[in-house]
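Working notes, structure below.
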Amino acid sequence: QVQLVESGGGLVQPGGSLRLSCAASGRIFSINSMGWYRQAPGKQRELVAATTSAGSIDYADSVKGRVTISRDNAKDTMYLQMNSLEPEDTTVYYCHAEIKLAWGSTFRQSWGQGTQVTVSS
């Protein structure tokens, strides 16, 4: 069974920084894309940042210049460095990954349980 576990969320003041981590564990053959999404109550889940094994990166316009996504393939771990945080960034952040469990199999969509980020004075 594959599991994604997020960490690093918490309470910060406006203008502060957080570093989120997402670790994938279990029987993993390979990972294609990994990304961070966020979803406020009653709203659609939206992409924050995503990266593929080939190196392509996408950022949401609302966070460009303030966040950096990185990936340690050896550890199957992904990070999201967030700076200059704003109250509007307050919500639950979710880790997502496309994981292949065996050679010749299809990629499975996996989601973490989420980590809360609160930006408030």
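Along the sequence shown, residues carry numbers from 1. Predicted, not measured: the structure shown is a model, and the values here were computed from it.
No side-chain N or O of Thr52 forms a donor-acceptor pair with one of Asn32 less than 3.5 Å apart. Side-chain contact annotation: Ser33 with Glu98, donor-acceptor N/O pair under 3.5 Å present.
When all heavy atoms are compared, the tightest approach of Gln116 to Thr118 is NE2-OG1, 3.4 Å. Nearest heavy-atom pair across Ile99 and Ser110 is CD1-OG, 3.9 Å. The nearest pair of heavy atoms linking Pro14 to Ser121 is CD-N, 3.7 Å. Of all heavy-atom pairs spanning Ile69 and Gly35, the tightest one is CD1-CA, 4.4 Å. Annotation for Asn83 and Ser17: closest pair OD1-OG, 2.9 Å, computed over non-hydrogen atoms.
Scored by the ring pair (Phe, Tyr, Trp, His ring centres under 6.0 Å) test, Tyr37 finds His96, Trp111 as partners (sequence neighbours excluded). Residues satisfying the side-chain hydrogen bond (donor to acceptor under 3.5 Å, both in side chains) test with Ser120, not counting sequence neighbours, are none. Applying the side-chain hydrogen bond (donor to acceptor under 3.5 Å, both in side chains) criterion to Glu88, with sequence neighbours excluded, gives no partner residue.
A side-chain contact (heavy atoms from CB on, under 4.5 Å) with Trp36 is found for one member of Val48, Val63, Thr51 and no other, namely Val48.
By the 4.5 Å side-chain criterion applied to Ile, Leu, Val, Met, Phe, Trp and Tyr, Phe107 is assigned to no cluster and stands alone.
The hydrophobic clustering, which links ILVMFWY residues whose side-chain heavy atoms are closer than 4.5 Å, places Met34 and Val2 together. Placement of Tyr94 and Met78 in two distinct hydrophobic clusters is found when ILVMFWY residues are connected by side-chain heavy-atom separations under 4.5 Å, directly or transitively. Taken together through direct or relayed side-chain contacts under 4.5 Å among Ile, Leu, Val, Met, Phe, Trp and Tyr, Leu20 and Ile57 form part of one hydrophobic cluster.
Residue pairs that meet the disulfide (SG to SG under 2.5 Å) test with at least one member in residues 73-121, sequence neighbours left out, are Cys22-Cys95. For residues 39-56, the set of pairs meeting the salt bridge (Lys or Arg N to Asp or Glu O under 4.0 Å) definition, not counting sequence neighbours, comprises Arg38-Glu46.
For Gln13, the CD atom is loosely surrounded, since the number of other residues' heavy atoms within 6.0 Å does not exceed 12.
The OG atom of Ser25 lies 15.0 Å from the NZ atom of Lys75; values are rounded to the nearest 0.5 Å. Atoms CZ and CG, from Arg66 and Leu85 in turn, are 6.5 Å apart once rounded to the nearest 0.5 Å. For the atom pair CD1 (Ile31) and CG (Asn73), the distance works out to 8.0 Å, reported to the nearest 0.5 Å.
Not a single donor-acceptor pair under 3.5 Å links the side chain of Thr77 to the backbone N or O of Ala23. A donor-acceptor contact shorter than 3.5 Å is absent between the side chain of Tyr93 and the backbone of Glu6.
Residues Arg19 and Tyr79 have side chains in contact (heavy-atom distance under 4.5 Å, counting atoms from C-beta outward). Val67 is listed as a side-chain neighbour of Met82, based on a closest heavy-atom distance under 4.5 Å.
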Carefully, step by step, assess Thr68 and Tyr59 under the rule side-chain contact (heavy atoms from CB on, under 4.5 Å).
-> CA-CA 9 Å; Thr68 301; Tyr59 291 105; 4.0 Å; yes

